[in-house]
> 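Right, I'll just put the structure down here and ask away after.
In each ligand, atom 1 is the first atom listed, and ligand 1 is the first ligand listed. As a basis for the values below, the full set of heavy atoms in this structure was taken, side chains included, without hydrogen atoms, waters or symmetry mates.
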Amino acid sequence: MFKKQILLSARLGSCQALNPFRANAVSRFYASGKAVALTADTYSDKVQRDSKYKKLDEKDLLFFRDILKDGNYMISNEQDLEFYNEDWMRKYKGQSQLVLKPKTTEQVSEIMKYCNAQKLAVVPQGGNTGLVGGSIPVFDEIILSLSNMNKIRSFDSVSGILKCDAGVILENADNFLAENGYIFPLDLGAKGSCHVGGVCATNAGGLRLLRYGSLHGTVLGLEAVLPDGTIYSSIDALRKDNTGYDFKQLLIGSEGTLGVITGVSILCPSRPTSTNVAFLAVSSYETVQKVFVGARKELSEILSAFEFMDGKSQLLTGRYLKADHPIESGDYPFYVLIETSGSNRDHDMEKLETFLANAMEEGLVDDGIIAQDEAQSQSLWSWRESIPEASAHDGGVYKYDVSIPLKDLYGLVEAAETKLNEANLVDIDSNDKPVVGAIGYGHLGDGNLHLNVCVREYNKNIEKTLEPFVYEWIQEKQGSISAEHGLGFQKKNYIGYSKSDVEIKLIKDIKNHYDPNGILNPYKYV
Ligand code: FAD
Ligand code: MLT
Ligand code: ZN
């Protein structure tokens, strides 16, 4: 176990030795050898093409070319279409023959008006980093990519309000804000690829929700095009505005089923000038919870992230990064990453060290390190942010992103592991079995677990072993089957495990009201 003196003088050799992997644009083709199967084939039992949708023809292409003015804003050759048709996990693949990349809200409006009249189905797409198969078509839907709408519109350095196009990449928005002393109130491992509009459409949670809250609170206004082409805008909304229904809240988390978000106004906090990151080894899940209670109490206003990871997630991350673990003294069952953010380094460091000293004294922490500079902090974060890629590296990953009351949270990983072992599907080392292992990690501070079942191939036997078993388990514990990733295609038949019949009816009523032809992101959860 480390001592307080060691902590204070911080021997961080292992931290420096970390592979400085940085998830800029999130890499995708980790299992490039295998072709991705068509969703329509893999899930032919769940979904059939609806003949009410028109098939694209030459007349439509001429219309779109006329609207977009430039042939470069349309993609229709097979090789280039692949990126837009396949999801990040390489689990789902659509068959779209056309990607449209408008540059203005008016162009989006013209496109939607036409598609609605013609009954052409459309899938809005941001950075295509979504993890539930929501961002790609199932059949031949047109893909409407927002990537050409990538301008910062304005920034008010007094209020901290940023207004930008939906297609601005999250990391670019944050870099812009950094230059002005502000921070985007959301951060996630896909920041180098995902869009500001995409994170609003999914209501992404990420690594610092604990500190900055959900986008339902920080997004002040949206501009969006409704399925019939109507342009809705609350982008000039004020911080306080109680005039009637707040329509933008319906769009946040609607996953491209209600409107195409084209612009975002968001309230950004001042950028912390002092951040500290500690990585700790902990001997049980019960103890992880105790460390969390202590961190909240003792670090209070400076606590900005509390992430937990199980031992197996670390083993796979180390294999993937070909690097030693940040904590070299042994293998521990659980690890915790704690971040503090504030404005006074000495004050914050003193608080963190006192907290850690107390945690050690109480026997809650077995070993740990504190980053001594920005580079080391980034290395520790990048280790944590590499878990998703490490999970998929052997061939694929079945993902379950859940909220469950904290005391039961990790029980899901154990239950899934038992179930997979009973089915004789698992071997962490041998290629003879299709499952590498079930791992757990996530945003413990938000009660959000990621159960990843890491596999060598996607196969129905694994899926049937896990579903609906996992969803039933979550329902029994009064949890949510989607904490932050959404429902998309993956959970289209499972919404009933977390929402009542009344809630589902209200969702369908809203969808039918605004999209009576059902052209926007069909075959997904609504
Ligand atoms: P896409 O993947 O393109 O689309 C996602 C959904 O939103 C689709 O249904 C699509 O139709 C819709 N959509 C996209 N743009 C628009 C638009 N402009 N208007 C209307 N609908 C739109 N998620 C988290 O919540 N927390 C995390 O910590 C997190 N970490 C991740 C780490 C990695 C490495 C990866 C690959 C993903 C991670 N994700 C995380 C998931 C993903 O990044 C988020 O869901 C993100 O918000 C998706 O944004 P995107 O721009 O890539 O959207
Ligand atoms: C994360 O917390 O790393 C993200 O939600 C992505 C993932 O779990 O794959
Ligand atoms: Zn997450």
> Which label fits F308 and Y410: parallel for a plane angle under 30°, tilted from 30 to 60°, or perpendicular past 60°?
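F308 and Y410: perpendicular rings.
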> Could you work out, for atom 53 (O) of ligand 1, the closest of A201, C194, G198 by heavy-atom distance?
G198
> For G205, is at least one N or O under 3.5 Å away from an N or O on ligand 1?
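Yes, G205 has an N/O under 3.5 Å of an N/O on ligand 1.
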> Determine, stepwise, if the pair Y525 / Y494 fulfils ring pair (Phe, Tyr, Trp, His ring centres under 6.0 Å).
CA-CA 8 Å; Y525 74 93; Y494 299 114; over 10 Å; no
> Do you know which of P522, S96, C115 makes side-chain contact (heavy atoms from CB on, under 4.5 Å) with E141?
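Answer to the side-chain contact (heavy atoms from CB on, under 4.5 Å) test with E141 among P522, S96, C115: P522.
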> When you measure from the side chain of E389 to the backbone of I387, do you find a donor-acceptor pair of N or O atoms at a distance under 3.5 Å?
no
> Among P124, A166, G127, which one puts a heavy atom closest to atom 50 (P) of ligand 1?
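Among P124, A166, G127, the closest heavy atom to atom 50 (P) of ligand 1 belongs to G127.
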> Within the structure, does Q125 bring an N/O atom to less than 3.5 angstrom of an N/O atom in ligand 1?
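Among all N and O atoms of Q125, none is under 3.5 Å from an N or O of ligand 1.
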> For atom 26 (N) of ligand 1, which candidate among H450, K191, E484, K524 holds the nearest heavy atom?
E484
> Between L100, T262, I261, V122, which is the residue that forms a side-chain contact (heavy atoms from CB on, under 4.5 Å) with V108?
T262
> For the backbone of I481 and the side chain of S498, can you confirm whether one donor and one acceptor N or O come within less than 3.5 Å of each other?
yes
> Polar contacts were defined as any N/O atom of the residue lying under 3.5 Å from an N/O atom of the ligand; does this apply to P388 and ligand 1?
no
> Within ligand 2, which atoms have a heavy atom of L131 less than 4.0 Å away?
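It comes down to these atoms of ligand 2: 6 (C), 7 (C), 9 (O).
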> Which atoms of ligand 1 sit under 4.0 Å from any heavy atom of V260?
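This gives 19 (N), 20 (C) as the contact atoms.
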> Report yes if some N/O of W88 lies less than 3.5 Å from some N/O of ligand 1; otherwise report no.
no
> Taking distance alone, with N or O pairs closer than 3.5 Å, would you say N521 contacts ligand 1?
yes
> From atom 43 (O) of ligand 1, work out which of V122, T129, L131 has a heavy atom at the shortest distance.
T129
> Do the charged groups of E223 and K163 touch, with an N to O distance under 4.0 Å?
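No, this pair does not count.
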> Under 30°, 30 to 60°, or over 60°: which ring-plane class applies to F176 and F155, parallel, tilted or perpendicular?
perpendicular
> Below 4.0 angstrom from a heavy atom of G256, which ligand 1 atoms are there? Numbered from 1 as shown, please.
11 (O), 12 (C), 20 (C), 21 (N)
> Using a 3.5 Å cut-off on N or O atoms only, is G134 in polar contact with ligand 1?
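Between G134 and ligand 1, an N or O pair is found under 3.5 Å apart.
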> Heavy-atom contacts with Y441 under 4.0 Å: which atoms of ligand 2 show up? List them by number with element.
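This gives 3 (O), 7 (C), 8 (O), 9 (O) as the contact atoms.
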> Between K399 and ligand 2, does any nitrogen or oxygen pair lie at a separation below 3.5 Å?
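Among all N and O atoms of K399, at least one is under 3.5 Å from an N or O of ligand 2.
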> Any carboxylate oxygen within less than 4.0 angstrom of a Lys/Arg side-chain nitrogen, looking at K103 and D70?
no
> Would you say the side-chain atoms of N203 pair up with the backbone N or O of S214, donor to acceptor, closer than 3.5 Å?
no
> Among the N/O/S atoms of E484, select the one at the shortest distance from the Zn ion (ligand 3) and name it.
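Going through the N, O and S atoms of E484 one by one, OE2 ends up nearest to the Zn ion (ligand 3).
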> If you count the atoms of ligand 2 from 1 in the order shown, which ones are under 4.0 Å from a heavy atom of H443?
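Every atom of ligand 2 under 4.0 Å from some heavy atom of H443: 2 (O).
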> Indicate the ring-plane relationship of Y285 and F334, choosing parallel, tilted or perpendicular according to the 30° and 60° boundaries.
tilted
> Determine yes or no for a side-chain-to-main-chain donor-acceptor pair under 3.5 angstrom, with D401 supplying the side chain and E484 the backbone.
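Indeed, once roles are kept as given, a pair shorter than 3.5 Å links the two residues.
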> Got an N/O contact under 3.5 Å between L146 and ligand 1?
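By distance alone, the answer is no.
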> Assess whether a salt bridge exists between K191 and D187, defined as any Lys/Arg side-chain N lying under 4.0 Å from an Asp/Glu carboxylate O.
yes
> Atom CD1 in I136, atom CG in N85: separation rounded to 0.5 Å?
7.5 Å
> Relative to atom 2 (O) of ligand 2, which among R384, E307, E484, E385 owns the nearest non-hydrogen atom?
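The residue whose heavy atom sits nearest atom 2 (O) of ligand 2 is R384.
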> State, to the nearest 10 degrees, the angle whose vertex is the Zn ion (ligand 3) and whose arms point to NE2 of H443 and NE2 of H450.
110°
> Heavy atom of G206 under 4.0 Å from ligand 1?
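Yes.
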> Heavy-atom contact under 4.0 Å between N128 and ligand 1?
yes
> May I ask whether G259 has any heavy atom positioned less than 4.0 angstrom from an atom of ligand 1?
yes
> Taking all heavy atoms of V123 and all of S135, pick out the closest pair and write down the distance.
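Minimum heavy-atom contact is CG1-O, 3.6 Å.
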> Tell me, which protein residue and heavy-atom name are nearest atom 5 (O) of ligand 2, and how many Å apart are they?
H485 NE2, 2.7 Å
> Any idea which atoms of ligand 1 are less than 4.0 Å away from a heavy-atom of L188?
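That gives atoms 23 (N), 24 (C), 26 (N), 27 (C), 28 (O), 29 (C), 30 (N), 40 (C) of ligand 1.
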